[in-house]
Amino acid sequence: MDEFELRINGKLVTSVPPSSTASGGAQGTLFMADYEWHPPEPGLYQIEVKPKDQDGRDGPAAQVQVTVVSAIAQLEPAIPEQLPTLIPTLELAPTPTSTPTQPPAGFGAPEYSVEKVYYRGTGCGPKQVEIEVRAPQADTYSVVLFVRVEATDSGERTAWKAIPMAPLGDSYFGYSLAVERELPEVFAFGSAYLQAQFVATDSSGAEVGRTPVDSQVIVERCSS
């Protein structure tokens, strides 16, 4: 592996040589690199990283969507009074059967592009699920998606992960969740439920609505 190509919204930003390597176990050598990128303005950014070997051949690319709520154009030596926070601090419902702390008035039923996703292997099916939800129209500024996985056999759960969703218009918010990449803890399970909860906040970060914990997608290990 000779370098990583970094693209933002399809545009080549830079090529970065690997700064270090480590053992990837049965998958071979793990290459790592660092690059500091400052978004020019708030918005939705598609970040893609693609490895290249010394002969110029491309390896499989990795993508992630990032929603920047507020951007700092230039860092000053002095520490600002308050830095913008991307994810509000929210109290999570402790169990899937808990009643939301506030009635989910105005929330639509979550929509998932598939009922089952896979990790590992290559021949089983999708490894990504598109998630959409309609948020309450009044006062909603952003929606945070909380996700975790629960083993279907033992009931063991992973920690919650908080993800800002992208505004899609008409009070809809969406996110493309690549389970294998973003919830690698699922590797310890043969089969698991993907659990999700949606929390709407206003422009100050205060909660304006919360859905119950939802389990509609199964995650399974691919054996092929």
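What's counted below: heavy atoms across the whole structure, side chains too, no hydrogens, waters or symmetry copies. Heads up: numbering here begins at 1 and tracks the sequence.
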Trainee: Identify the heavy atoms of S154 and A151 that sit nearest to each other, and give their distance.
Mentor: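 So the minimum-distance heavy-atom pair works out to OG-CB, 3.4 Å.
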Trainee: Rounded to the nearest 0.5 Å, how far does CZ of R157 lie from CD of Q195?
Mentor: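 Q195 atom CD to R157 atom CZ measures 5.5 Å (nearest 0.5 Å).
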Trainee: When Ile, Leu, Val, Met, Phe, Trp and Tyr are grouped by side-chain heavy atoms lying under 4.5 Å apart, directly or through other members, which residues fall in the same group as L168?
Mentor: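 L168 clusters with Y172.
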Trainee: In chain order, what residues pass the side chain to side chain contact (heavy atoms under 4.5 Å, CB included) check against A192, with sequence neighbours excluded?
Mentor: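 For A192 the side chain to side chain contact (heavy atoms under 4.5 Å, CB included) partners, ignoring immediate neighbours, are V149, V186, F189.
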Trainee: Can you list everything that forms a salt bridge (charged side-chain N to carboxylate O under 4.0 Å, His left out) with K161? Sequence neighbours excluded, please.
Mentor: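 For K161, no residue satisfies salt bridge (charged side-chain N to carboxylate O under 4.0 Å, His left out) once neighbours in sequence are set aside.
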Trainee: Report yes if some heavy atom in the side chain of E182 is under 4.5 Å from a heavy atom in the side chain of I163; otherwise report no.
Mentor: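 Yes, at least one pair of side-chain atoms sits under 4.5 Å.
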Trainee: Does one hydrophobic cluster hold both V147 and V117, with members joined at side-chain heavy-atom distances below 4.5 Å?
Mentor: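 Hydrophobic grouping puts V147 with V117.
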Trainee: Could you check if a side-chain atom of T152 sits within less than 4.5 angstrom of a side-chain atom of E150, using non-hydrogen atoms only?
Mentor: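 No; the side chains remain at least 4.5 Å from each other.
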Trainee: Give me the atom names and distance for the closest heavy-atom approach of V114 to V217.
Mentor: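 In this case the closest contact between V114 and V217 is O-CG2, 3.7 Å.
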Trainee: Salt bridge between E220 and K116, side-chain N to carboxylate O under 4.0 Å?
Mentor: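 Result for this pair is yes, salt bridge flagged.
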Trainee: Using modelled atom types only, decide if a donor and an acceptor are shared between the side chain of D202 and the backbone of D139 within a distance under 3.5 Å.
Mentor: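 Such a contact is absent between D202 side chain and D139 backbone.
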Trainee: If the condition is salt bridge (charged side-chain N to carboxylate O under 4.0 Å, His left out), which residues does E5 pass it with, not counting sequence neighbours?
Mentor: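 Testing E5 for salt bridge (charged side-chain N to carboxylate O under 4.0 Å, His left out), a comparison that skips the adjacent residues, returns R7, K52.
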Trainee: So, taking the atom named OG1 in T14 and the one named CD in E3, what distance separates them when rounded to the nearest 0.5 Å?
Mentor: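 Atom-to-atom, T14:OG1 and E3:CD are 9.0 Å apart.
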Trainee: Walk me through whether E130 and S176 qualify under side chain to side chain donor-acceptor pair (under 3.5 Å).
Mentor: CA-CA 5 Å; E130 308 292 330; S176 298; 2.4 Å; yes
Trainee: Go through the steps to decide whether L183 and L194 satisfy the test side-chain contact (heavy atoms from CB on, under 4.5 Å), and finish with yes or no.
Mentor: CA-CA 10 Å; L183 294 171; L194 176 67; 3.7 Å; yes
Trainee: Side-chain contact test, heavy atoms from C-beta onward, threshold under 4.5 Å: evaluate it for F198 versus M165 and give yes or no.
Mentor: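 Yes; the side chains approach each other to less than 4.5 Å.
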Trainee: For E185, what residues pass the side chain to side chain donor-acceptor pair (under 3.5 Å) criterion, not counting sequence neighbours?
Mentor: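 Expected list: none.
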Trainee: Can you measure from CD1 (I47) to CG (N9) and round to the nearest 0.5 angstrom?
Mentor: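 Rounded to the nearest 0.5 Å, the CD1-CG separation comes out at 8.5 Å.
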Trainee: Is it the case that more than 12 heavy atoms not belonging to Y175 sit under 6.0 Å from its OH atom?
Mentor: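 Yes, because the 6.0 Å sphere around OH of Y175 holds more than 12 heavy atoms from other groups.
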Trainee: If you measure from CD on E48 to CD on Q63, what distance do you get to the nearest 0.5 Å?
Mentor: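 CD of Q63 is found 4.5 Å from CD of E48.
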Trainee: Would you say that I218 contacts S191 through its side chain, given a criterion of any heavy-atom pair below 4.5 Å between the two side chains?
Mentor: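 Yes - at least one pair of side-chain heavy atoms lies under 4.5 Å apart.
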Trainee: According to the disulfide bond (SG atoms under 2.5 Å apart) rule, which pairs have a member within residues 135-224, sequence neighbours left out?
Mentor: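 For residues 135-224: C124-C222.
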Trainee: Could you check F173 against I131 for side-chain contact (heavy atoms from CB on, under 4.5 Å), going step by step and ending with a plain yes or no?
Mentor: CA-CA 8 Å; F173 289 77; I131 304 174; over 6 Å; no
Trainee: Let me confirm one number: the CG-NZ distance from L6 to K11, rounded to the nearest 0.5 Å.
Mentor: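 Reported value, rounded in 0.5 Å steps: 12.0 Å.
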Trainee: Test V64 against R181 for side-chain contact (heavy atoms from CB on, under 4.5 Å), laying out the working first.
Mentor: CA-CA 9 Å; V64 64; R181 183 176 69 243; 4.1 Å; yes
Trainee: Is any side-chain heavy atom of D214 closer than 4.5 Å to a side-chain heavy atom of Y112?
Mentor: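 A side-chain contact exists here, since the closest heavy-atom pair is under 4.5 Å.
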Trainee: Please check if atom CG in D153 has more than 12 non-hydrogen atoms from other residues, nucleotides or ligands closer than 6.0 Å.
Mentor: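 Enclosed.
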Trainee: Checking side-chain polar atoms at under 3.5 Å, does T201 have a donor or acceptor matched by the opposite partner on E207?
Mentor: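 Judged by distance alone, the side chains do not pair up.
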Trainee: Same cluster or not: are F187 and Y118 linked, directly or through other Ile, Leu, Val, Met, Phe, Trp or Tyr residues, by side-chain heavy atoms under 4.5 angstrom apart?
Mentor: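 F187 does not cluster with Y118.
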Trainee: Taking the side chain as everything from C-beta on, heavy atoms only, tell me whether F107 gets closer than 4.5 Å to P136.
Mentor: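 F107 vs P136: side chains touch.
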Trainee: Please examine the side chains of V143 and V199, heavy atoms only from C-beta on, and report whether any two atoms are closer than 4.5 Å.
Mentor: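 They are not in contact (no side-chain heavy atoms under 4.5 Å apart), so the answer is no.
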